[in-house]
Amino acid sequence: MNSLQTVFDLVLVLALLWLAWHALAAADLFKGIVLFIAFGLLMALAWMRLRAPDIALAEAAVGSGITGALLLSGLARLRRLERSAQPHIGREP
Amino acid sequence: MNAPDGITDDTRLTPLRLIIMLFVLTLAGALGWAVCSLPEYSSGLAVTALAELSNSGVLNPVTAAVLNYRGYDTLLEIAVLLLAVIGVWSLAQAEPPAAFEPASPVLLSFMRIVLPLMILIAGYLLWIGSFAPGGAFQGGAVLAGVLVLLRLSNQDFAIWSHEVWLRFCLVLGLSVFIAVAVGVMAGGGKLLEYPRAHAGMLILLIESAALISIALTLAALFVGGRALSDEDSSSASENGVQPK
């Protein structure tokens, strides 16, 4: 393994850890989801580096793509629920 | 979709988080030590898997493991996906479109270019799964992306309103898988023991059916509930209540 690959792997690992930490700590759920999707894409890259292209494909398509879409649709539903619940809360003493 | 004002990300290292971090690092260290203590070169099951590849009906060892050697696991995975949709459908109704607002022209022309390509890629991933990385799950996810795009542009009413066909396609993958798994027993084999001469064909059959079911399952999860039939949706939008 040449040194360029080592540097690439190191950057990849650090980026994954950073993304994971900030996706968990994000106060804004939308930001957290976007970071999670980015995490999934980099994770797919990591699987490629581990020479597991099957898992990389599944991670990119399912782990990042579809799960990201599911989380975003869940968030949109949550926001709609909050919006429709707000007048109700306002009326309470 | 802006962040609420005054809320910033909480990245402080509180004592609780430090303790959790300590646990996680200990676990990571133990796992790392376990990996390092493995023999430097071990073939594991790879030799057996590759030796039996000619009998499995496919040329990609991963597909062989997923659909032949460990076909039972995959059968259960597809059943879990179906259970997930049943669960979601029991709990929630799909949100009716707020109004029939036309989708953005940018999205529509983007979809005109991308959708045929995505369908092609889904089929390609399914086909190539027999001798290279790919397969029903990856192809199904891409096909689900097609349905998600259709959903986002309000073009998918026809898909979710034909409930009989929808249900048929959702259970298609599992039914075909079970039918093949049990059907091979008629030829004297055990459960999921494909006859060698037809293994490739049977795997492709299972994967094709699974592709459709997986795509619809993932898209149904995105829609997030049972689609309303015509009379349901009109009463729901008038009263703002969820019909039983």
Side-chain angles (χ1 to χ4, degrees), chain A residues 13-14 16-37 40-41 44-45 47-88, chain B residues 1-14 17 20-21 24 28 60-63 65-66 81 84 88 92-95 98 118 121-122 125 128-129 132-145 147-149 151-152 214-215 217-225 240:
Chain A
V13 166
L14 289 177
L16 276 171
L17 286 174
W18 188 90
L19 280 171
W21 174 243
H22 280 264
L24 285 173
D28 180 18
L29 287 179
F30 180 72
K31 184 180 166 190
I33 294 171
V34 171
L35 288 172
F36 174 79
I37 294 172
L41 289 175
L45 212 57
W47 285 119
M48 273 317 285
R49 288 291 299 135
L50 290 167
R51 275 175 285 173
D54 289 84
I55 307 177
L57 261 178
E59 173 68 39
V62 181
S64 183
I66 288 291
T67 313
L70 278 180
L71 288 172
L72 284 175
S73 90
L75 180 66
R77 189 172 274 236
L78 209 63
R79 293 239 164 108
R80 261 198 299 274
L81 276 177
E82 276 172 2
R83 218 176 301 143
S84 63
Q86 232 132 44
H88 177 69
Chain B
M1 294 244 177
N2 293 320
D5 291 330
I7 298 180
T8 48
D9 295 354
D10 186 9
T11 51
R12 284 170 300 131
L13 282 174
T14 56
R17 285 182 175 180
I20 293 172
M21 192 184 254
V24 172
N60 178 17
V62 176
T63 306
V66 167
L81 278 177
V88 168
Q93 299 270 1
E95 307 250 330
M118 284 173 83
I121 289 172
L125 279 172
I128 205 168
F137 274 90
Q138 291 89 333
V142 174
L143 205 56
L147 295 170
V148 166
L149 274 176
R151 177 77 188 171
L152 290 176
I214 289 166
T217 301
L218 296 176
L221 292 177
F222 179 78
V223 169

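Each chain gets a letter, A, B and so on, in the order the sequences are listed, and its residues count up from 1. Because the structure is predicted, anything quoted here is derived from the model rather than measured.
The shortest distance between side-chain heavy atoms of A:Leu75 and A:Arg79 falls below 4.5 Å.
Across A:Leu29, A:Ile66, A:Leu71, the residue that shares the most heavy-atom pairs under 4.5 angstrom with chain B is A:Ile66. Ranked by heavy-atom pairs shorter than 4.5 Å toward chain A, the options B:Gly140, B:Pro133, B:Gly135 are led by B:Pro133. Counting heavy-atom pairs closer than 4.5 Å to chain B, the top-ranked of the candidates A:Ala58, A:Gly65, A:Gly32, A:Ala52 is A:Ala58.
Nearest heavy atoms, A:Ser64 versus A:Ile37: OG-O, 3.0 Å. Closest of all the heavy-atom pairs between B:Ala122 and B:Gly139 is CB-O, 3.4 Å.
Contact annotation for B:Leu152: neither backbone nor side-chain heavy atoms come within less than 4.5 Å of a heavy atom of chain A. Residue B:Val66: no heavy atom, backbone or side chain, is found under 4.5 Å from chain A.
The backbone N or O of A:Leu70 lies less than 3.5 Å from a partner atom in the side chain of A:Ser73, making a donor-acceptor pair.
For A:Met48, the CE atom is loosely surrounded, since the number of other residues' heavy atoms within 6.0 Å does not exceed 12.
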